[in-house]
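Naming convention: chains lettered A, B, ... in sequence-line order (proteins, then strands); numbering from 1 in each chain.
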Amino acid sequence: MGERELIEDVAGAPLDRDFFDRPSDVVAPDLLGRVVVHGSVAVRLSEVEAYGGPGQDPASHTYRGRTPRNSVMFGPPGHLYVYFTYGMHFCANLVCMPAGSASAVLLRAGEVIAGVHTARIRRMPHADGPDLEGLVRRVPDRDLARGPARLTVALGLVRDHNGTDCCSGGPIRAHEGRPVPSGQIRTGPRTGVSTGAETPWRFWIDGDPTVSPYRAHIPRRRGRATS
DNA sequence: TTTAGGATTGACT
DNA sequence: GTCAATCCTAAAC
């Protein structure tokens with residue numbers, strides 16, 4: 001059995017593009033329990049957030065229209081939108097709706113269900129140094145993909161993956177997994193956004209230990225405190 | 001050209 | 001609970 005078959009054994013068949021050709025707030029809860037795959041690593045999603053289109057959602061990167069950074073969100077559905085933030089982190093989204101509409105779902109957290117060893121090494125501080133397992137503090141399994149930047153690292157997604165088509169049988173795909181019954185889905189305000197936080201477009205699996213802890217947005221101070 | 005601030009995280013009190 | 005790290009983006013000038 002090859003890598004593909006092993007992954008499909010635990011993650012089911014890949015989702016096709018039609019899955020993403022719907023509004024992001026409809027796709028988002030349907031993504032819970034689904035499995036995002038990159039090579040040998042697979043993550044079962046436990047928490048996502050929907051972001052809307054131009055002029056509709058003040059929290060969305062596309063609210064003010066197309067820019068070089070957000071151009072992938074204006075493209076066809078089922079593509080990966082990876083962005084850099086806080087000077088050090090990458091986060092990953094799956095684009096929804098037809099080209100031109102520019103909405104997406106942020107992948108916030110999940111459980112690593114395949115490739116745990118690879119994911120753990122990626123999540124170690126200084127994984128490229130001489131001190132590997134046993135010498136560096138081991139990240140608990142539940143924390144491997146608990147948070148959007150952590151999930152992106154665990155899956156090995158980087159800047160260059162921005163724009164990747166996830167519905168063409170390539171190395172990065174979304175698989176059907178097992179959808180979560182609506183009774184187990186919880187919704188609430190989105191995390192860390194300074195505007196539009198009142199829209200309850202964060203979705204997570206009730207009671208799942210891999211869901212990230214909620215943190216309200218805190219505007220950061222700049223420069224030195226004076227006087 | 002300058003500047004504010006960010007879809008976060010890990011360390012620390 | 002607080003805070004710094006760190007660089008990119010887009011808006012303002």
Check every atom of dT6(C), dT9(C), dG10(B) against the side chain of R69(A) and return the nucleotide holding the closest atom.
dT9(C)
Among dA7(B), dG10(B), dA10(C), find the nucleotide with the atom closest to the side chain of P68(A).
dA10(C)
Contact under 4.0 Å: R190(A) side-chain N or O vs dT8(B) OP1/OP2:
no
For the side chain of R159(A), counting heavy atoms from C-beta on, which of dT9(B), dC8(C), dA10(C) is nearest?
dC8(C)
Going by ring centres under 5.5 Å and near-parallel planes (under 30°), is Y86(A) stacked on dA5(C)?
no
Aromatic ring proximity H61(A)/Y51(A), centre distance under 6.0 Å:
no
Hey, does A149(A) reach any base, or is it just sugar-phosphate, or nothing, if we go heavy atoms under 4.0 Å?
sugar-phosphate
Using whole Å, report how far NE2 of H89(A) lies from C1' of dA5(C).
8 Å
Between N162(A) (CG) and dA7(B) (P), how many Å, whole number?
15 Å
Among the nucleotides dC7(C), dT8(B), dA10(C), whichever has the atom closest to the side chain of F84(A) is dC7(C)
dA7(B) C1' sits how many Å from Y51(A) OH, rounded?
4 Å
Separation of dG10(B) atom C1' from M88(A) atom CE, nearest Å, is 10 Å
Side-chain donor-acceptor contact under 3.5 Å, H161(A) with R159(A)
no
Given 3.5 Å as the limit, does a donor-acceptor pair link the side chain of R17(A) with the main chain of P77(A), or not?
yes
Counting only side-chain heavy atoms from C-beta out, which of dT9(B), dT8(B), dA11(C) sits nearest to R64(A)?
dA11(C)
Looking at R146(A), I'd like to know whether one of its side-chain N or O atoms comes within less than 4.0 Å of OP1 or OP2 on dT9(B).
no
Could you give the CG-to-P distance, from L144(A) to dT9(B), as a whole number of Å?
13 Å
N/O (side chain, H217(A)) to phosphate O (OP1/OP2, dA7(B)) under 4.0 Å
no
With both distances kept under 3.5 Å, what pairs with dT6(C), Watson-Crick or G-U wobble?
none
Is it the case that E47(A) and S212(A) place a side-chain donor and acceptor less than 3.5 Å from each other?
yes
Picking from dG10(B), dA7(B), dA10(C), which would you name as closest to the side chain of T67(A)?
dA10(C)
dC3(C) to dG5(B) separation - C1' atoms, rounded to the nearest Å:
16 Å
Could you tell me if T62(A) and S60(A) have a donor-acceptor pair between their side chains, going purely by distance under 3.5 Å?
yes
Short question: side chain of E176(A), backbone of A11(A) - any donor-acceptor pair under 3.5 Å?
no
Hey, is the side chain of R108(A) poking within less than 4.0 Å of OP1 or OP2 on dT8(B), counting only N and O atoms?
yes
Could you tell me which nucleotide pairs with dA7(B) by Watson-Crick or G-U wobble geometry, both distances under 3.5 Å, or answer none if nothing does?
none
Measure the distance from CG on N70(A) to C1' on dC8(C) and round it to the nearest whole Å.
14 Å
How close or far is atom C1' of dA11(C) from atom NE2 of H61(A), stated in whole angstroms?
15 Å
Whole angstrom is fine here: how far is it from CZ in R123(A) over to C1' in dT9(B)?
9 Å
Minimum-distance nucleotide (side-chain atoms of M73(A) versus dA10(C), dA7(B), dT9(B))
dA7(B)
Let's see if you can work this out: which of dG10(B), dT8(B), dT9(C) has an atom nearest to the side-chain heavy atoms of R215(A)?
dG10(B)
